[in-house]
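First comes the structure, then the notes that go with it.
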Amino acid sequence: MSDPELPSCSILLLAGGRGRRMGGHDKGLIKWQGRPLIAWLRDVARPMTDELLLSCNRNQSLYADYADRLVSDTDAGYPGPLAGIRAGLALAHNRWMMVLPCDTPMVDRALLHSLYRTAIEAPERPVMLRHGEQWEPLFSIIPIELLSQVDALWLAGERSPKNLLLQLGARELRVADDDSRLINLNTPQLLAMAGVTGGTSP
């Protein structure tokens with residue numbers, strides 16, 4: 001059942017990268033505290049939407065249980081997270097699509113609610129997290145109606161999610177500079193520091 005506080009909002013979990021910082025391992029399937037990283041995001045997002053999407057470009061059979069639908073990049077060669085966002089926007093059926101990265105297992109429901117509340121204040125514009133001077137484009141909400149503009153910018157060569165969202169007039173949701181919910185476990189060293197157990201999956 002969807003969370004009544006997030007109506008008309010699909011959620012896309014991004015797990016489609018090459019995993020270069022993880023030695024080529026599929027990052028979403030790497031275990032933290034005995035569970036795949038993607039499982040932590042799924043547990044937060046699942047009750048909050050009637051459409052949970054997951055962007056992946058390999059190991060689809062292992063990801064299938066973590067979302068309603070899987071999406072893959074239309075361009076080969078792992079062209080980056082914007083490719084996954086674009087693929088998600090093309091399939092999402094709600095008014096907005098929230099984007100979350102797979103390697104941030106400390107995300108909580110309050111943060112997602114804050115993103116959504118900011119989005120509905122100006123429903124025609126994207127929302128992007130910001131802490132200090134740092135934008136976090138992989139914590140964002142994008143109106144589905146902007147897909148044609150996203151496509152046009154992509155075809156013009158744009159590959160940066162941050163630059164694209166700013167060109168689309170993104171509003172900021174500012175959080176504390178040291179907000180622990182944004183901790184990004186994208187290297188073996190960071191996983192070890194955060195208490196990794198259980199090794200890695202494919």
Side-chain angles (χ1 to χ4, degrees), residues 1-17 26-29 32 35-57 59-60 62-73 80-130 135-147 150 161-162 164-165 168 170-173 175 179 181-185:
M1 179 177 294
S2 62
D3 188 314
E5 294 189 56
L6 267 67
S8 299
C9 188
S10 303
I11 298 179
L12 174 70
L13 307 180
L14 286 173
D26 195 332
K27 190 163 48 176
L29 299 174
W32 181 71
R35 307 173 66 216
L37 285 172
I38 196 65
W40 298 89
L41 272 295
R42 186 272 315 274
D43 288 355
V44 173
R46 175 69 282 172
M48 303 180 73
T49 183
D50 63 356
E51 185 177 49
L52 183 60
L53 305 173
L54 194 156
S55 168
C56 61
N57 292 306
N59 296 312
Q60 281 84 354
L62 298 178
Y63 279 118
D65 290 338
Y66 292 102
D68 298 320
R69 284 194 290 171
L70 303 180
V71 301
S72 298
D73 299 346
L82 187 54
I85 293 171
R86 182 173 171 240
L89 285 170
L91 291 178
H93 71 252
N94 283 310
R95 183 176 184 180
W96 296 281
M97 186 181 77
M98 181 182 293
V99 178
L100 300 171
C102 71
D103 54 3
T104 53
M106 299 179 196
V107 166
D108 63 12
R109 192 171 297 183
L111 183 64
L112 275 58
H113 281 308
S114 296
L115 268 172
Y116 184 77
R117 286 194 297 269
T118 304
I120 62 177
E121 292 171 1
E124 75 287 352
R125 295 169 62 186
V127 175
M128 184 170 22
L129 277 190
R130 189 176 185 183
W135 290 94
E136 295 288 350
L138 304 189
F139 292 91
S140 58
I141 291 184
I142 306 170
I144 302 302
E145 66 183 18
L146 296 181
L147 174 59
V150 171
K162 182 190 81 170
L164 180 139
L165 291 174
L168 296 177
R171 303 173 68 234
E172 71 174 40
L173 170 61
V175 297
D179 194 324
R181 296 174 296 180
L182 306 186
I183 290 175
N184 191 269
L185 305 183

Tell me every residue that passes ring-ring contact (aromatic ring centres under 6.0 Å, His included) with Trp40, counting only those two or more places apart in sequence or in another chain.
Trp32
Any sub-3.5 Å donor-acceptor pair from Asp108's side-chain atoms to Leu111's backbone N or O?
yes
Of all heavy-atom pairs linking Leu41 and Pro101, the shortest is CG-O, 3.6 Å
Do the side chains of Leu182 and Leu129 get nearer than 4.5 Å, heavy atoms only?
yes
Is the shortest side-chain heavy-atom distance between Arg125 and Leu168 below 4.5 Å?
no
Looking at His93, is its backbone amide N or carbonyl O close enough to the side chain of Glu51 to form a donor-acceptor pair, meaning the two atoms are under 3.5 Å apart?
yes
May I ask you to decide if Leu52's main-chain N or O and Asp68's side chain share a donor-acceptor pair within less than 3.5 Å?
yes
Leu100 side chain reached by Phe139 side chain, heavy atoms, under 4.5 Å:
yes
Short N-O contact, Asp43 and Arg109, less than 4.0 angstrom
no
Pairing of Glu136 and Lys162 as salt bridge, 4.0 angstrom limit:
no
Thinking salt bridges, do Glu145 and Arg95 make one under a 4.0 Å N-O criterion?
no
Where the side chain of Ser72 meets the backbone of Asn57, is there a donor-acceptor pair that is under 3.5 Å apart?
no
Contact between Ile85 and Met97 at the side-chain level, heavy atoms closer than 4.5 Å - yes or no?
yes
Could you check Trp135 against Glu172 for side-chain contact (heavy atoms from CB on, under 4.5 Å), going step by step and ending with a plain yes or no?
CA-CA 8 Å; Trp135 290 94; Glu172 71 174 40; 3.6 Å; yes
